[in-house]
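Quick note on labels: first sequence line is chain A, next is B, and so on, each numbered from 1. It should be emphasised that the depicted structure is a prediction, and the values quoted were computed from it without experimental measurement.
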Number of protein chains: 2
Amino acid sequence: MSIGETTLYNEQTRARIAWYYYVAGLTQQEISDKLGLPRARVNRIVGQLRADGSVVVDIRLPLVSCVELEERLKTAFGLKLVSVVPSADDDEQQRRMLGDAAGVVLDSLLADGQCIGVGWGRTLIASIKRLRERELKDACVVSLMGGLTKGSETNTFEVSTELARTLGADCYYVTAPIYCPSAESREILLTHSGVNEVMARAKQADIALVSCGDLTSRTKLTAINTVNEQLPQLEKDGAIGEFLGTFMGADGDPVNHPLNRKVIAMPPADLKAIPHSFLISGGLYKAEVIRAILHKGYVNCLVTDEAVARRLLSPENRPKTSNRKAAATA
Amino acid sequence: MSIGETTLYNEQTRARIAWYYYVAGLTQQEISDKLGLPRARVNRIVGQLRADGSVVVDIRLPLVSCVELEERLKTAFGLKLVSVVPSADDDEQQRRMLGDAAGVVLDSLLADGQCIGVGWGRTLIASIKRLRERELKDACVVSLMGGLTKGSETNTFEVSTELARTLGADCYYVTAPIYCPSAESREILLTHSGVNEVMARAKQADIALVSCGDLTSRTKLTAINTVNEQLPQLEKDGAIGEFLGTFMGADGDPVNHPLNRKVIAMPPADLKAIPHSFLISGGLYKAEVIRAILHKGYVNCLVTDEAVARRLLSPENRPKTSNRKAAATA
DNA sequence: GTTGCCAAAATACAAATGTATTATACTGAA
DNA sequence: TTCAGTATAATACATTTGTATTTTGGCAAC
């Protein structure tokens, strides 16, 4: 069912527990008595129901401060759709809110015959969980970037697989590493029929879902070895963050660094041809990267948090060099 | 905001708490710290959010046993729409589930320009809370029955008022008591222009929402004095329950009892002219009444619980005289 | 049969939540 | 200013929930 976890017990029991717990309002003890299950199991199932999107909550109170920010961002950056959620201190919590909001927006946008390009990141995973399951006709999901060689707990393949499953769509994978050993091997792979075709298909996508990261270890991508050891040099070369595997400077242009010549992913500029391209990212430490991406107009839809929204709208108020890694200063 | 309770604190704080608690997953303590509110208040607000429908949960796992019963009920009684929810031991819990299900069905049915007739009952109140707030154009809500003189905590007026507010519709009230002092006074009131017009408008409704009750004190209507003291005689006259203020026998026909000649409400038979007429009622002790209503074809849509559904589908298996009042047997 | 292994249940305890009670601050009238 | 009266916050405690640990009951290999 979900991405990581295995599903406890059978669907029907889970559904029944959902009703009794979330709708009728029984306690877990009452449910365990009624259904003849150990309370511990009921407890774990209840926990899973929310986590895997089997039970979804809908907040029917608009947050005016967020709605207002959404409007201002639309005009300031010429965006089609913007969703602003409250800010959180914790990354995991922030991702849940961003994912939820993204899911809500996306739910209203998906239709038969569409092609959805998808990047990578924990925020994207969160948003897929919030999507309603469907059986879209003639729809497909395309990965916008290569995979990670060292099996991170969530690889790019899993994101696209899970999205495809949720939508009942076909899935196309970029069967190549996100970073090739060399620029030459990248060229070779890109001429490979398979990779080639998938990348071409990605360009035709109707919707793209992409996240971004900064250069701290909070961002998952920079945690992988290939990137991690390059961080000092990347910073020296003016990189402030990553978007679709590409490292970019404060102006939104890719920096001149070897990794950018080894990356196998859709080039950010190609997103501009996609009708609905989403940047789903939040957390104040990513504000600078987000600003760069919006400034360059790579995307036309945004899901972010309140604090970032305010920062984006404030006059070119450079984010202070907050919790940057104390590495390369040579 | 809601029907009974007064709303704690301001909307915006409530919305923020909803996000942090239900989406981000903060504890109430963390929220109280973050927002600088006493934890007890956060706790009470969280409790209210669910209760008043500001936060709504959506279960995305179908219960096959219920789905199956829905289909069988459709064919067995020639119904347009049926929703079956799990059964509960407690009436309040059962109402929450019935209300939730009714709200979901209704949400997909409501449209501009519609006229919605509404009866009375705690189950109906529960279902209104689940409805999405809207601003329907040219829609109206009409009460299908007179009001209670002795202020019950939830009068018929409040049900229609709240539904109208939720839908952004106009509201028409039957400004008369549900039971007149005499058949004569009833006739006089029915010729009164106001009452008259509203009753006429009710006949034109596109959707009707009605509940029903048995003759025990579990049913709210029988708890009011006028009815309560008549119960022995009603049973003697063959009544098994109440529907739109009218007392009916096991065959679904109104019984010959004075109350039925004093009632100010839409006659059950008039429902047949309404495109979508809902019976929203559950609990095994109401099965007999529900069966009578369905048998007579007064309604074409049903929301009930699993146990009742099974009873309805089982061969004319008279419900055993379970918890009937030990009154009139003379 | 015995043994070892695994999975599921029972148990026990810690954290979070719900609720009542007491304390405090605020308001308006004398 | 004082004094109710009220409303809000602090506190304390009972219940419910979350999680780790122990126990039990198969089941397969020996």
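Separating the CZ atom of Arg50(A) from the P atom of dG18(D) is a distance of 11 Å, rounded to the nearest angstrom. Put simply, CG on Asp33(A) is 15 Å from P on dA9(C), counting in whole angstrom units. At whole-Å resolution of the value, CG in Leu49(B) and P in dT17(C) are 14 Å apart. As rounded to whole Å, 10 Å separates atom P of dT19(D) from atom CD of Gln28(A). Rounded to an integer number of Å, the gap from Arg41(B) CZ to dT19(C) C1' is 16 Å. Atoms CD1 (Ile45(A)) and C1' (dT17(D)) sit 15 Å apart, rounded to a whole Å. Computed from coordinates, the Arg44(A) CZ to dG18(D) P distance equals 12 Å when rounded to whole Å. In this structure, Leu26(A) atom CG and dT15(D) atom C1' are separated by 16 Å, rounded to whole Å.
Looking at Asp107(A) and Arg134(A), a side-chain N of the basic residue comes within less than 4.0 Å of a carboxylate O on the acidic one, giving a salt bridge. The pair Asp305(B)-Arg311(B) does not meet the salt-bridge criterion, since no charged nitrogen lies less than 4.0 angstrom from a carboxylate oxygen.
Closest to the side chain of Arg39(A), from the set dA12(C), dA9(D), dA12(D), is dA12(C). Nearest nucleotide to the Pro38(B) side chain, out of dT17(D), dA10(C), dA9(D): dA9(D). Distances from the side chain of Asn43(B) to the nucleotides dG18(D), dA9(D), dT17(C) place dT17(C) closest.
Residue Gln29(B) has no polar side-chain atom (N or O) positioned under 4.0 Å from OP1 or OP2 of dT17(C).
In summary, the side chains of Thr161(B) and Tyr173(B) do present a donor paired with an acceptor at a separation below 3.5 Å, with no hydrogens or angles considered. Using a 3.5 Å distance cut-off with no hydrogens or angles, the side chains of Asp91(B) and Tyr285(B) do pair a donor with an acceptor.
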